[in-house]
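Working notes, beginning with the structure itself.
All chains are named by letter (A, B, ...) in the order of the sequence lines, taking the proteins before the strands, and each is independently numbered beginning at 1.
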There are 4 protein chains.
Amino acid sequence: MTIKCRKRDAERTKQQLLNAASEIFIDQGFDAARVDEIAKRAGVNKRLIYLYFGNKEVIYREVLKERLNHFMDSSRQYMDTDQPPKKQAEGLLRHFFYYLAGNPGFVRLLAWESLQRARADQSDLVPLIRAGLVDLSGCLQRGIEQGVFRPDLNPKQLLLSVVGLCLTYFQRRLLMSALWNMDVEDPQQQEEAFRHVLTLIFDGILAKPTGQPEESR
Amino acid sequence: MTIKCRKRDAERTKQQLLNAASEIFIDQGFDAARVDEIAKRAGVNKRLIYLYFGNKEVIYREVLKERLNHFMDSSRQYMDTDQPPKKQAEGLLRHFFYYLAGNPGFVRLLAWESLQRARADQSDLVPLIRAGLVDLSGCLQRGIEQGVFRPDLNPKQLLLSVVGLCLTYFQRRLLMSALWNMDVEDPQQQEEAFRHVLTLIFDGILAKPTGQPEESR
Amino acid sequence: MTIKCRKRDAERTKQQLLNAASEIFIDQGFDAARVDEIAKRAGVNKRLIYLYFGNKEVIYREVLKERLNHFMDSSRQYMDTDQPPKKQAEGLLRHFFYYLAGNPGFVRLLAWESLQRARADQSDLVPLIRAGLVDLSGCLQRGIEQGVFRPDLNPKQLLLSVVGLCLTYFQRRLLMSALWNMDVEDPQQQEEAFRHVLTLIFDGILAKPTGQPEESR
Amino acid sequence: MTIKCRKRDAERTKQQLLNAASEIFIDQGFDAARVDEIAKRAGVNKRLIYLYFGNKEVIYREVLKERLNHFMDSSRQYMDTDQPPKKQAEGLLRHFFYYLAGNPGFVRLLAWESLQRARADQSDLVPLIRAGLVDLSGCLQRGIEQGVFRPDLNPKQLLLSVVGLCLTYFQRRLLMSALWNMDVEDPQQQEEAFRHVLTLIFDGILAKPTGQPEESR
DNA sequence: GATGAATGAGAATTCATTCAT
DNA sequence: GATGAATGAATTCTCATTCAT
């Protein structure tokens with residue numbers, strides 16, 4: 001009975017389609033993705049895609065929105081306001097870094113999407129992205145204002161760089177493994193990478209306690 | 001004579017095809033690119049693509065190789081070996097940053113390609129990428145070995161981060177302009193961005209001369 | 001009681017379906033009509049079309065029959081047997097002309113149907129059409145027999161011509177409005193058109209009291 | 001050689017497609033016509049329809065234009081200006097009537113098209129139709145102005161009626177044969193029908209030399 | 001009596017590629 | 001060396017119809 005009930009559950013079917021579409025869009029991108037394959041993987045009739053979503057483009061955007069919402073939800077209220085800025089930033093960055101580590105599909109989806117110039121207005125996505133970064137953005141900005149972070153840094157630039165540094169680690173997995181046989185999936189290497197990013201961000205690459213003249217660095 | 005002419009024409013036609021293909025692959029990616037459109041933009045008969053290259057895949061890889069070679073050529077011998085490591089690195093990074101600024105198509109092409117898991121082995125591309133980064137890679141490594149750069153940094157990680165930081169600035173142009181109305185094309189903003197990247201890399205974000213206790217940072 | 005209610009509801013639903021189908025078939029023809037649209041316009045579930053009628057074809061024929069019956073009903077007993085043939089014919093034609101004027105959908109439906117060669121046998125429709133024209137047909141025939149109408153006229157031809165003349169006025173509305181900006185809906189123009197048809201039928205187009213030699217006409 | 005040449009003749013292929021499309025659109029109308037069937041009947045690959053025309057709609061309109069042009073061409077310069085109006089009109093009507101008789105597809109095509117309200121602007125067709133009727137239109141109008149035809153007739157109405165009378169005979173073939181088993185193809189019956197139409201137009205249906213009082217007619 | 005969910009067959013349209021010259 | 005014509009296999013999308021409740 002329950003099974004039969006489930007078998008006719010539109011919501012569930014829709015979700016199955018979204019899940020299947022998600023996998024395929026992440027894997028192959030919008031253009032190479034095949035509607036037939038999505039339906040097949042979802043185990044439902046192709047027609048339902050058009051019934052529930054309208055067309056390929058719409059289900060694609062729906063996938064995008066779902067993933068962005070998930071990111072946004074997971075990014076909310078992770079900031080410990082009792083901590084000093086550096087600790088705060090560190091926490092937020094850790095959360096962000098490990099969110100990407102745990103959601104490689106999200107990284108790919110963002111990458112595909114950011115390449116599609118033509119695909120009309122992303123106006124509806126921009127607020128979601130912004131919302132997902134609002135805490136980190138605020139934290140960095142406050143750090144600068146309070147003089148904890150260098151006052152000569154442009155907050156926007158900084159946010160971009162920090163986000164980019166994290167993304168880079170997961171976005172270039174192919175390149176990485178091709179060049180150096182690194183394994184992005186390995187937890188230990190992940191933690192090492194995260195520490196590296198933190199070090200870079202907070203301390204730069206120059207050796208700290210150095211008596212050498214600046215010029216010779 | 002006629003043969004030479006023909007040969008020259010053939011070369012010219014081939015180059016026209018490569019140029020047209022380049023633009024279109026950069027713009028739309030491999031999957032959305034249309035063979036017809038390439039031929040049309042090149043102003044030559046579609047059949048010639050198959051005559052000269054074989055198929056869509058081959059001309060795509062040809063474009064990729066051409067662009068990578070161009071990058072590699074431009075990256076060679078830019079290192080001033082008389083300079084201390086930091087200056088060297090700065091010079092190489094400047095060169096790299098501005099190469100990306102001047103070749104946005106190259107950035108996109110890399111991004112498309114790195115998303116295409118499925119596309120066979122990239123074995124023939126890896127050496128080219130590596131070659132383009134060899135100087136920078138060596139410079140960073142030497143800096144670490146010589147103790148100018150922090151000895152606790154993983155050289156591979158570092159290279160990736162540094163490259164990623166530069167790429168990030170050009171790869172997320174859409175996001176950037178969407179979020180903050182920044183203009184990536186503006187030379188002044190480019191230089192500012194480059195300085196920002198340099199600062200981040202060499203000095204990190206923490207305010208330098210600080211009497212505050214570490215914990216409160 | 002409940003049963004009656006249900007029965008009434010069923011009847012009502014069926015009629016709603018017929019009405020919706022009627023509008024849509026009239027507007028778009030059988031092939032372009034969409035079952036979904038019919039159900040939607042009727043405000044009932046699509047399934048009921050199949051429950052009540054069986055399939056698209058059946059509901060189409062049902063619509064056709066309903067419209068033909070309506071025409072037939074309205075055509076019956078309109079003949080004033082006390083009048084002489086010409087008056088009779090005039091009355092019947094007026095009735096016919098204004099029926100068409102008041103039921104433009106009927107005209108379209110006939111036109112669509114007459115174009116559908118393939119659509120099975122129309123055997124069930126023919127009697128209805130015949131019945132609707134039986135009075136006019138008889139009247140014309142009697143007029144010929146009685147010598148009031150020209151004896152050299154073929155009665156069947158004549159019926160066809162007379163019917164065609166009336167239909168023409170409503171069937172070519174698009175052409176008419178395109179060519180001359182005539183407004184078929186305007187009552188005054190309708191009456192004028194009807195008078196024109198009558199004149200043509202009874203008197204032809206040649207000027208009556210004419211001293212000119214036949215040849216020069 | 002010639003055969004091979006022909007096999008690669010784009011013009012010929014296009015014409016074959018037009019011919020096939022013509023037959024099928026005439027037979028089944030736009031909505032029921034199948035692109036596959038057109039290609040199959042033309043004996044060429046379906047793709048060529050899209051290559052040469054763009055889509056189904058375009059090839060449909062192309063067919064329409066071709067047929068209208070043919071009609072227009074055949075209608076030109078058929079008027080014998082030396083004849084008096086009645087003879088002129090008779091000649092033109094004969095030509096028109098027999099054109100329809102010889103081109104039943106044209107009649108059907110007009111009928112299908114005039115039912116398609118939705119199918120955008122027919123603006124490009126209107127001039128062709130008008131051109132095809134310009135001689136008849138002018139002749140009737142002159143006849144009225146010269147007093148040969150009744151001065152109380154509206155020229156536009158008249159043109160419509162006259163055209164409608166001819167069309168009627170061929171447009172209702174199904175109805176005709178259903179009702180009376182007439183054979184529209186039979187040349188003798190055609191000539192009889194034409195004479196009937198002429199009589200109706202020029203003399204009306206009332207018996208001419210009649211002593212009966214008008215009222216009893 | 002009524003309905004939302006689901007489907008298979010088939011529709012138009014597109015694409016990379018090859019043929020014939 | 002170059003080209004216009006042609007194609008088969010897919011691809012997105014649609015439609016009348018049935019299932020399960």
Which residue lies toward the 5' end of DNA chain E, B/K56 or D/N55, if each is placed at its nearest nucleotide? D/N55
Return the residues of residues 44-54 of chain A meeting this criterion: a heavy atom under 4.0 Å from some atom of DNA chain E. Order them by number, or give none. A/V44, A/N45, A/K46, A/R47, A/L48, A/Y52
Atom-to-atom span, NZ of B/K40 to C1' of E/dA16 - whole angstrom: 17 Å
Side chain to side chain contact (heavy atoms under 4.5 Å, CB included), that's the test. Do B/L115 and A/R108 meet it? Break it down for me. CA-CA 7 Å; B/L115 280 169; A/R108 284 180 67 81; 4.0 Å; yes
Parallel, tilted or perpendicular for B/F25 and B/Y60, by the 30°/60° rule? perpendicular
Take the C1' atoms of the five end pairs on each side of the helix from E/dA2-F/dT21 to E/dT21-F/dA2, get both axes, and report the angle to 10 degrees. 30°
Could you check whether B/A33 gets within reach of a base, just the sugar-phosphate, or nothing at all, counting any heavy atom under 4.0 Å? sugar-phosphate
Does C/T13 place a side-chain N or O at less than 4.0 Å from the phosphate oxygens OP1/OP2 of E/dG1? no
Could I get the full list of side-chain hydrogen bond (donor to acceptor under 3.5 Å, both in side chains) partners for D/D73, not counting sequence neighbours? D/R76
Please report, to 0.1 Å, the donor-acceptor pairs under 3.5 Å made by any side chain of residues 35-43 of chain A, with sequence neighbours excluded.
unit_1: A/D36; atom_1: OD1; unit_2: A/K46; atom_2: NZ; d: 3.3
unit_1: A/E37; atom_1: OE1; unit_2: A/Q28; atom_2: NE2; d: 3.2
unit_1: A/R41; atom_1: NH1; unit_2: A/E23; atom_2: OE1; d: 2.6

Can you list the steps and then say if A/E62 with A/E66 is a side chain to side chain contact (heavy atoms under 4.5 Å, CB included)? CA-CA 6 Å; A/E62 215 65 37; A/E66 193 190 36; over 6 Å; no
Could you state the atom-to-atom distance from CG of C/D36 to P of E/dT7 in whole Å? 16 Å
Measure CZ/D/F25 against C1'/E/dA12 and give the value in whole Å, please. 12 Å
What's the CD-P distance between D/Q15 and F/dA5, to the nearest Å? 15 Å
Whole-Å distance between F/dC13 C1' and A/I59 CD1? 14 Å
Expressed as a whole number of angstroms, how long is the span from A/E11:CD to E/dG4:P? 14 Å
With sequence neighbours left out, what residues match B/F53 under ring-ring contact (aromatic ring centres under 6.0 Å, His included)? none
Integer-rounded Å distance: F/dA20 P and A/D9 CG: 16 Å
Please state how far atom CD1 in B/I24 lies from atom C1' in E/dA16, giving the value in whole angstrom units. 15 Å
Sidechain-backbone polar pair: B/K56 side chain, B/A33 backbone, donor-acceptor under 3.5 Å: yes
Residues in ring-ring contact (aromatic ring centres under 6.0 Å, His included) contact with B/Y52, at least two apart in sequence or another chain: none
Ignoring the backbone of A/R34, work out which of F/dA2, F/dT12, F/dA16 is nearest its side chain. F/dT12
Can you name the nearest heavy-atom pair linking C/D31 to C/Q116, along with the distance? OD2-OE1, 3.8 Å
